[in-house]
Protein chains: 2
Amino acid sequence: MIHQPLIEHVKKQVNASSEDLLLFTTKLREVAVAKGKFLLQPDTFVKHEYFVIDGCLSAYYLDQKGNKNIVQFAIENWWLGDFDAFYNGVPSKLYIEALEDSTLLAINYDDLQNLFQEAPIFERYFRLLVTSAFISQRKRILSSLGKSVKERYLEFCDKYPNINGRVPNYQVANYLGVTAEGLSRARKKLRELKKS
Amino acid sequence: MIHQPLIEHVKKQVNASSEDLLLFTTKLREVAVAKGKFLLQPDTFVKHEYFVIDGCLSAYYLDQKGNKNIVQFAIENWWLGDFDAFYNGVPSKLYIEALEDSTLLAINYDDLQNLFQEAPIFERYFRLLVTSAFISQRKRILSSLGKSVKERYLEFCDKYPNINGRVPNYQVANYLGVTAEGLSRARKKLRELKKS
DNA sequence: TAAATTGATTGACCTAAATCAATTAGCTTT
DNA sequence: AAAGCTAATTGATTTAGGTCAATCAATTTA
């Protein structure tokens with residue numbers, strides 16, 4: 001069943017009954033995005049949050065100078081969306097692009113609000129999601145301020161296992177805030193260290 | 001009345017009735033922290049979130065090497081606490097230290113849960129708080145990855161107006177992820193630019 | 001007032017990573 | 001296999017910011 005990975009994800013976080021889980025699945029809609037296509041583009045109102053069943057996507061902003069700034073990759077079992085736009089009803093500024101053909105589950109804002117009423121355990125589940133996203137961002141800040149490229153790359157590999165080879169390194173470099181050349185050299189040094 | 005600044009803060013975010021607001025105030029407790037004292041230290045369980053009425057505090061972690069990493073300053077009208085520890089019931093890893101004699105309002109976890117039951121509008125208020133904290137952190141990541149010290153300092157001044165002179169620059173430097181010398185030079189260049 | 005602390009600034013030097021330019025390695029497509 | 005892309009790597013050079021040490025300024029303490 002397509003919902004299974006998400007059910008497992010919920011179960012890892014909270015103690016939900018079978019009825020709760022069943023109710024949840026009735027609110028989910030399956031979405032497919034082909035490689036290179038966009039799940040989300042700026043200046044749209046965001047009605048859904050997404051859970052990745054299969055595939056790989058990246059979320060990024062363009063800055064004043066038109067430079068791409070990747071804020072998140074999402075692979076299997078990651079939630080993805082634009083919190084700000086989704087919860088606060090403001091137009092999104094985010095691009096979400098599929099780097100591979102991807103299959104997602106989507107939940108609609110109103111359905112989610114109803115779910116909170118009908119099965120309050122999900123209030124807790126989604127709060128835990130936001131909180132851990134917050135913590136993980138904080139970690140990324142501390143890392144970007146104090147750590148070397150080598151260290152940040154290692155943390156990246158830890159945070160996104162299984163992503164190796166699926167995302168071109170120049171995109172990983174963008175996420176890490178370094179140039180493609182910089183990342184290449186960092187990876188080389190790590191290879192040398194490992195050998196000795 | 002001491003609660004007034006917080007009431008105003010709530011009113012700016014959500015449409016709460018007088019009864020809601022009154023109920024809220026009954027759950028708040030006043031807390032004073034003297035300069036140099038700690039509101040929070042690692043390995044404690046966090047039962048409160050705090051709103052700054054008056055004063056100035058900083059929140060920081062120590063990394064593996066024992067280096068201080070300031071993640072937040074809080075002055076009048078800022079919320080402050082450890083989301084992770086507070087909501088997830090894990091021991092805190094954060095230090096919160098008063099940089100000036102400070103007066104805060106505290107809300108207890110259980111009281112907050114009751115408040116959500118009794119006046120659900122606060123559910124929305126606190127969700128907006130977390131979301132905007134999340135957005136603001138995201139901005140800080142993009143800034144720390146792509147911007148120069150000069151740019152980051154200007155953004156800092158924008159984010160924390162009225163903080164000038166109240167926090168020593170070497171602490172601001174720490175927050176920005178540069179050395180005190182680095183910040184000093186950046187400020188000098190900005191002064192020169194402004195003159196011409 | 002002198003002495004001591006604490007924070008800010010400056011100078012000399014160094015290093016990690018950026019930039020620019022070229023080369024190489026993997027691929028598709030023909 | 002040749003041609004054409006795209007991504008990754010390498011080399012040469014530059015630069016922002018770090019490090020270390022000294023000085024200066026402003027408070028606090030004696």
Side-chain angles (χ1 to χ4, degrees), chain A residues 34-36 56 58 60 63 65-70 73 97-101 140-157 163-195, chain B residues 34-36 56 58 60 63 65-70 73 97-101 140-157 163-195:
Chain A
K35 178 174 177 170
C56 180
S58 79
Y60 60 87
D63 64 22
K65 296 165 196 151
N67 300 317
K68 201 164 156 172
N69 292 98
I70 299 178
F73 293 109
E97 181 183 352
L99 305 178
E100 303 173 355
D101 290 342
R140 196 175 160 205
I141 289 174
L142 295 176
S143 163
S144 72
L145 290 176
K147 305 276 177 74
S148 70
V149 177
K150 264 181 299 212
E151 289 172 302
R152 277 183 279 152
Y153 180 67
L154 289 175
E155 286 178 7
F156 174 85
C157 292
I163 209 174
N164 207 303
R166 297 170 64 180
V167 173
N169 279 332
Y170 71 91
Q171 301 225 39
V172 175
N174 182 297
Y175 175 89
L176 294 176
V178 291
T179 58
E181 297 97 317
L183 177 57
S184 171
R185 283 183 244 265
R187 281 161 38 88
K188 187 182 183 178
K189 274 183 204 158
L190 287 170
R191 280 197 303 274
E192 284 165 3
L193 283 175
K194 204 182 274 180
K195 255 182 281 178
Chain B
K35 179 172 177 171
C56 180
S58 78
Y60 59 88
D63 63 22
K65 295 164 196 152
N67 300 315
K68 201 165 155 172
N69 292 97
I70 300 177
F73 294 109
E97 181 183 353
L99 304 179
E100 302 174 355
D101 290 344
R140 195 175 160 205
I141 289 174
L142 295 176
S143 165
S144 70
L145 290 175
K147 305 276 177 70
S148 69
V149 177
K150 264 182 299 216
E151 290 172 301
R152 277 184 279 153
Y153 180 67
L154 289 174
E155 285 179 6
F156 173 84
C157 293
I163 209 173
N164 208 303
R166 296 171 63 180
V167 173
N169 279 333
Y170 71 91
Q171 301 226 38
V172 175
N174 182 298
Y175 175 89
L176 294 176
V178 290
T179 57
E181 297 96 318
L183 177 58
S184 172
R185 284 182 245 265
R187 279 159 42 86
K188 187 181 185 181
K189 276 184 201 157
L190 286 170
R191 281 196 304 274
E192 285 166 3
L193 282 175
K194 205 183 271 179
K195 258 183 279 178

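Within every chain, numbering begins at 1; the chains are lettered A, B, ... in the order of the sequence lines, protein sequences first and strands thereafter.
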Proximal nucleotide (of D:dT10, D:dT19, D:dG18) relative to the A:Lys188 side chain:
D:dT10
Rounded to whole angstrom units, what separation is found between the CD atom of B:Glu181 and the P atom of C:dC14?
17 Å
Here the gap from A:Asn69 atom CG to B:Leu145 atom CG, rounded to the nearest 0.5 Å, amounts to 8.0 Å
Does atom NZ (B:Lys35) have a neighbourhood of more than 12 heavy atoms from anything else shown, all under 6.0 Å?
no
Look at the side chain of B:Arg191 and decide which nucleotide, out of D:dA7, C:dC20, C:dT10, has an atom nearest to it.
C:dT10
Find the distance A:Leu183:CG to D:dA8:P and express it as a whole number of Å.
9 Å
Step through the shown structure and confirm whether more than 12 heavy atoms of other residues, nucleotides or ligands are within 6.0 Å of NZ on A:Lys147.
yes
Any idea how B:Phe73 and B:Tyr175 line up, ring-wise: parallel (<30°), tilted (30 to 60°), or perpendicular (>60°)?
tilted
Write down the distance between CG (B:Leu99) and P (C:dT6), rounded to a whole number of angstrom.
16 Å
Phosphate oxygens OP1/OP2 of D:dA7: is one of them under 4.0 Å from a side-chain N or O of A:Asn169?
no
Closest to the B:Tyr170 side chain: D:dT9, C:dG7, D:dG17?
C:dG7
Output the rounded distance in Å from CZ (B:Arg187) to C1' (D:dG17).
17 Å
Between P of D:dA7 and CZ of A:Arg166, the distance in whole Å:
18 Å
Please determine, for the side chain of A:Ser184, which listed nucleotide (D:dC20, D:dT10, C:dT19) has the closest atom?
D:dT10
Give a yes or no on whether a donor-acceptor pair under 3.5 Å exists between the nucleobase atoms of D:dT15, that is its base, and the side chain of B:Arg185.
no
Heavy atoms of B:Asn164 and B:Tyr153 approach each other most closely as ND2-OH, 4.3 Å
Tell me whether the OP1 or OP2 atom of D:dA16 has a side-chain N or O from B:Ser148 closer than 4.0 Å.
no
Out of D:dA8, C:dG7, D:dG17, minimum distance to the side chain of B:Val149 belongs to D:dG17
Take atom CG of A:Leu190 and atom P of D:dT9, then tell me their distance rounded to the nearest Å.
12 Å
Interatomic distance where CG belongs to B:Leu145 and P belongs to C:dA17 [whole Å]:
13 Å
Could you check how far NZ of B:Lys35 sits from C1' of D:dT27, rounded to whole Å?
11 Å
